[in-house]
Amino acid sequence: MKEYIYAFIPKSVLTDNRLTSLEKLLLIHIVSLCKNKDYCWATNGGFCDIYKVSRQTISKSINNLTKLGYLRNDYDKFKVNGEKRKIFLSDTFKLEIKSIKDYFNTGIQNNFTR
């Protein structure tokens with residue numbers, strides 16, 4: 001069975017020149033992983049395996065997404081391995097995504113004018 005990753009992403013993310021292509025892909029991936037629990041605990045190593053880049057590259061990308069206000073990271077120094085970090089969407093970014101979802105739930109007729 002094939003796995004699919006999908007997420008609602010504002011066009012502003014795709015046109016944000018401060019983000020690399022990898023950071024845009026990573027953000028889409030993280031948004032998709034946050035659907036069920038409102039956070040994800042994917043490790044840098046896991047992302048490295050998928051995107052075929054170094055841990056340092058993933059770390060820099062996640063840090064940049066955090067610095068630019070797309071993500072929020074929580075660290076628990078008492079947990080081990082992958083459970084140490086939880087990646088959340090920032091509140092501002094989450095609201096932006098929610099407004100997109102609300103727009104798509106209005107029905108096709110409401111989205112078109114005659």
Side-chain angles (χ1 to χ4, degrees):
M1 181 175 176
K2 291 185 179 182
E3 281 188 63
Y4 296 92
I5 294 174
Y6 67 94
F8 292 102
I9 297 294
K11 185 177 179 182
S12 60
V13 170
L14 300 177
T15 58
D16 189 340
N17 293 330
R18 302 170 300 169
L19 299 176
T20 66
S21 296
L22 174 63
E23 289 166 349
K24 292 172 188 179
L25 280 173
L26 196 55
L27 184 57
I28 291 167
H29 198 155
I30 291 169
V31 168
S32 177
L33 292 172
C34 287
K35 285 180 190 172
N36 293 332
K37 292 187 176 185
D38 213 26
Y39 68 89
C40 80
W41 51 268
T43 64
N44 289 357
F47 288 130
C48 291
D49 291 343
I50 293 168
Y51 296 107
K52 306 300 183 214
V53 296
S54 70
R55 287 179 191 266
Q56 183 180 12
T57 299
I58 294 295
S59 181
K60 284 181 180 180
S61 295
I62 290 174
N63 286 335
N64 193 44
L65 289 165
T66 302
K67 182 182 88 175
L68 294 174
Y70 290 106
L71 302 178
R72 178 175 57 85
N73 297 302
D74 284 348
Y75 295 91
D76 186 341
K77 62 183 176 183
F78 299 108
K79 298 276 185 167
V80 293
N81 300 330
E83 294 183 25
K84 281 187 173 185
R85 176 185 68 193
K86 288 183 181 177
I87 303 172
F88 294 85
L89 304 179
S90 72
D91 291 339
T92 306
F93 187 55
K94 203 182 322 179
L95 286 174
E96 197 171 350
I97 290 173
K98 183 182 178 336
S99 69
I100 294 171
K101 286 182 185 177
D102 290 346
Y103 175 77
F104 279 108
N105 289 334
T106 60
I108 194 163
Q109 290 301 320
N110 295 338
N111 293 331
F112 293 97
T113 57
R114 293 180 190 225

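One-based numbering along the sequence shown.
Ser54 is linked by a side-chain hydrogen bond (donor to acceptor under 3.5 Å, both in side chains) to Thr57, counting only residues two or more places apart in sequence or in another chain. Residues passing the side-chain hydrogen bond (donor to acceptor under 3.5 Å, both in side chains) test with Thr66 are Asn73, sequence neighbours excluded. In terms of the salt bridge (charged side-chain N to carboxylate O under 4.0 Å, His left out) criterion, Asp49 has no residue partners (sequence neighbours excluded). With sequence neighbours left out, the side chain to side chain contact (heavy atoms under 4.5 Å, CB included) criterion links Ser12 to Pro10, Glu96. Here Tyr39 pairs with nothing under the side-chain hydrogen bond (donor to acceptor under 3.5 Å, both in side chains) rule; sequence neighbours left out. In this structure, Asn17 has no side-chain hydrogen bond (donor to acceptor under 3.5 Å, both in side chains) partners at least two apart in sequence or on a different chain. Among residues two or more places apart in sequence or in another chain, the side chain to side chain contact (heavy atoms under 4.5 Å, CB included) test is passed with Cys34 by Ile30, Cys40, Leu89.
Applying side-chain contact (heavy atoms from CB on, under 4.5 Å) to Ile87 and the options Leu71, Asp74, Leu33 leaves one that passes, Leu71.
Rounded to the nearest 0.5 angstrom, Thr92 OG1 and Ile97 CD1 are separated by 11.0 Å. Note that the CD1 atom of Ile58 and the OG1 atom of Thr43 stand 9.5 Å from one another [nearest 0.5 Å]. To the nearest 0.5 Å, the span separating CG on Leu26 from OG on Ser61 amounts to 6.0 Å. In this structure, the separation between CG on Leu14 and CD1 on Ile28 is 6.0 Å, given to the nearest 0.5 Å.
The minimum heavy-atom distance between Asp38 and Phe88, with the atom names listed, is O-CD2, 3.4 Å.
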request  = Would you sort out whether Leu19 and Leu65 count as a side chain to side chain contact (heavy atoms under 4.5 Å, CB included), showing the intermediate values?
outcome  = CA-CA 8 Å; Leu19 299 176; Leu65 289 165; 3.6 Å; yes
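Screening residues 56-75 for ring-ring contact (aromatic ring centres under 6.0 Å, His included), with sequence neighbours left out, gives Tyr70-Phe93. For residues 13-34, the set of pairs meeting the salt bridge (charged side-chain N to carboxylate O under 4.0 Å, His left out) definition, not counting sequence neighbours, comprises Asp16-Arg18. Applying the salt bridge (charged side-chain N to carboxylate O under 4.0 Å, His left out) test to pairs two or more places apart or on separate chains, none has a residue in residues 54-71.
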